[in-house]
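Letters A, B, ... mirror the listed sequences (proteins, then strands); counts begin at 1.
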2 protein chains.
Amino acid sequence: MSTASNAVQAIVQRSPGADEFSRACVGFFSEAVQLFGLVPPSVGQIYGLLYASPEPLSFSDIFEQLDISKGSASQGLNLLRSVGAVYTVAPVDANGRREYFSPELSLRKLLRGVLDERVSPLAGKSAGRLAHLRELADGARGRERKFRLSRAQQLEIWRRRLKTVVPVLGTLLGSRA
Amino acid sequence: MSTASNAVQAIVQRSPGADEFSRACVGFFSEAVQLFGLVPPSVGQIYGLLYASPEPLSFSDIFEQLDISKGSASQGLNLLRSVGAVYTVAPVDANGRREYFSPELSLRKLLRGVLDERVSPLAGKSAGRLAHLRELADGARGRERKFRLSRAQQLEIWRRRLKTVVPVLGTLLGSRA
DNA sequence: TTTTATGTTCATTTGCTCTTGAACTTGTTG
DNA sequence: CAACAAGTTCAAGAGCAAATGAACATAAAA
């Protein structure tokens, strides 16, 4: 069984250094995601493995080649899918109920997914906190009140600027550059 | 002793809710830095406390009011200074060798500091890794070589775009917006 | 110089996130 | 249907970064 796995191993065998290349990609993306800290390293590894493969890979390809647990692979793939960083090909295969996975290659889509699913929710929360801060500031009197309101207002300005910039980012990184 | 501490406590006493306001700022910045994951939460707390204070605070003000260890306070302040997020006022006071700290309020400077000190170094490292990837790609032959080179090249394009965008960020978030 | 106040360093501990692995669900084959 | 294969869930453990605190520096006061 395990046709996909066999197919991949065949490729690995007929193209020398394929595993080094894969390993390099896996390491690269593993570290890359760690820098941002929004997702666990194993998620980066999975994406890296898919990125290095000319063909889509199956679930078992992934956890076998990366030597991680099925649990990690499952969770990691779900996360990647939820963010649109990975899509599935051939929903159901001839044998078993296997799906095959490919990496999203559009930087714009990758960023969009991460921003929408991970960053935006937090942005909403921060809006609430800033409102609370403003209330607290408003509770004071005199010089102190003035000072606190100015600080609270500045934070809101920062937030607005960041909010404005995020969509621009998407455009800048999109296609042309 | 501890004039600064007394001064601050006096302020706290004569302006009701000052500690709530401070706590809110401390919490806000603590979480904010956690989102990016580049610096420990205690660093955010310190910045938050300074941000909430109308007057500069001393070293002992900081670790006492935040109820963190001297070690954390020392390391956190050094980090903040190295990034330009905090500056010192009145290098040496009348009593002891106390320094007082104030927060940098310019968003542009804050971002510049973090980008220069924390992000740029990593960018250099990634350039090296991508070069290595390209070599590995070059080692293959035929279709496989072509595939790998295309992937390696795309990563370099991404990197270049990101590198281009970072300075733009500084401008967009700087003063006007 | 001795003592006291202020700040730093770093080995240890704490706390938290990621990973694991085994039990469970769901679907497939004989 | 039974037996198996594929994938998910989640409690428990491992690994790691952050915080601690005590020993160590350094400078002012006595």
Side-chain angles (χ1 to χ4, degrees), chain A residues 1-6 26 29-47 49 56-82 86 88-101 118, chain B residues 1-6 26 29-47 49 56-82 86 88-101 118:
Chain A
M1 291 100 221
S2 183
T3 18
S5 197
N6 290 342
V26 167
F29 281 103
S30 172
E31 288 189 20
V33 301
Q34 279 184 278
L35 293 186
F36 293 94
L38 293 172
V39 296
S42 65
V43 169
Q45 293 183 48
I46 296 171
Y47 185 86
L49 184 66
L57 300 180
S58 73
F59 183 86
S60 44
D61 288 331
I62 289 166
F63 80 82
E64 284 166 8
Q65 291 190 41
L66 289 178
D67 195 38
I68 61 178
S69 67
K70 289 204 293 180
S72 284
S74 175
Q75 292 168 185
L77 280 169
N78 283 334
L79 172 53
L80 285 169
R81 250 188 305 209
S82 77
V86 141
T88 65
V89 196
V92 169
D93 188 5
N95 67 340
R97 52 176 153 151
R98 276 191 174 159
E99 287 180 327
Y100 289 83
F101 300 92
R118 303 259 138 185
Chain B
M1 293 90 223
S2 184
T3 19
S5 195
N6 290 342
V26 167
F29 281 102
S30 172
E31 289 190 18
V33 300
Q34 279 184 278
L35 294 186
F36 293 94
L38 293 171
V39 296
S42 64
V43 168
Q45 294 184 48
I46 295 171
Y47 185 86
L49 183 67
L57 299 180
S58 73
F59 182 87
S60 44
D61 288 331
I62 291 167
F63 80 82
E64 284 167 8
Q65 291 190 39
L66 289 177
D67 196 37
I68 61 178
S69 67
K70 290 204 291 178
S72 285
S74 175
Q75 293 168 181
L77 280 169
N78 284 332
L79 173 54
L80 286 169
R81 251 189 304 208
S82 78
V86 140
T88 64
V89 196
V92 169
D93 188 3
N95 68 338
R97 52 176 152 153
R98 274 191 175 157
E99 286 181 329
Y100 289 84
F101 300 92
R118 302 261 138 184

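Distance CG/B:L66 to CD1/B:I46: 6.5 Å, rounded to 0.5 Å. Taking CZ of A:F59 as the start and CG of A:L77 as the end, the distance is 6.5 Å to the nearest 0.5 Å. Note: B:L49 CG to B:I68 CD1 = 9.0 Å, rounded to the nearest 0.5 Å.
Put simply, CG on B:L80 is 13 Å from P on C:dT8, counting in whole angstrom units. Atom CG of B:L57 and atom P of C:dG7 are 12 Å apart (whole Å). Going from atom CD1 of A:I62 over to atom P of D:dA6 covers 14 Å, rounded to whole Å. B:E64 has its CD atom 13 Å from the P atom of C:dA5, to the nearest Å. In this structure, A:I68 atom CD1 and D:dG13 atom P are separated by 22 Å, rounded to whole Å. Here C:dG7 presents its P atom at 8 Å from CZ of B:F63, a figure rounded to the nearest Å. Taking atom CG on A:L79 and atom P on D:dT9, their separation rounds to 13 Å, with Å as the unit. Per the geometry, CD belonging to B:E99 stands 16 Å off P belonging to D:dT26, to the nearest Å.
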All N/O donor-acceptor pairs, side-chain side in residues 30-39 of chain A, below 3.5 Å, sequence neighbours left out:
{"unit_1": "A:E31", "atom_1": "OE1", "unit_2": "B:K125", "atom_2": "NZ", "d": "3.4"}
{"unit_1": "A:E31", "atom_1": "OE1", "unit_2": "B:R129", "atom_2": "NH1", "d": "3.0"}
{"unit_1": "A:E31", "atom_1": "OE2", "unit_2": "B:R129", "atom_2": "NH1", "d": "2.6"}

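The side chain of A:S69 has C:dT19 as its nearest neighbour among D:dA6, C:dG7, C:dT19.
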Protein-nucleic acid N or O pairs under 3.5 Å, nucleotides 9-18 of chain C:
{"unit_1": "C:dC10", "atom_1": "N4", "unit_2": "B:Q75", "atom_2": "OE1", "d": "2.9"}

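Residues satisfying the salt bridge (charged side-chain N to carboxylate O under 4.0 Å, His left out) test with A:R118, not counting sequence neighbours, are none.
Using a 4.0 Å cut-off between charged nitrogen and carboxylate oxygen, B:K70 and B:E64 do not count as a salt-bridge pair.
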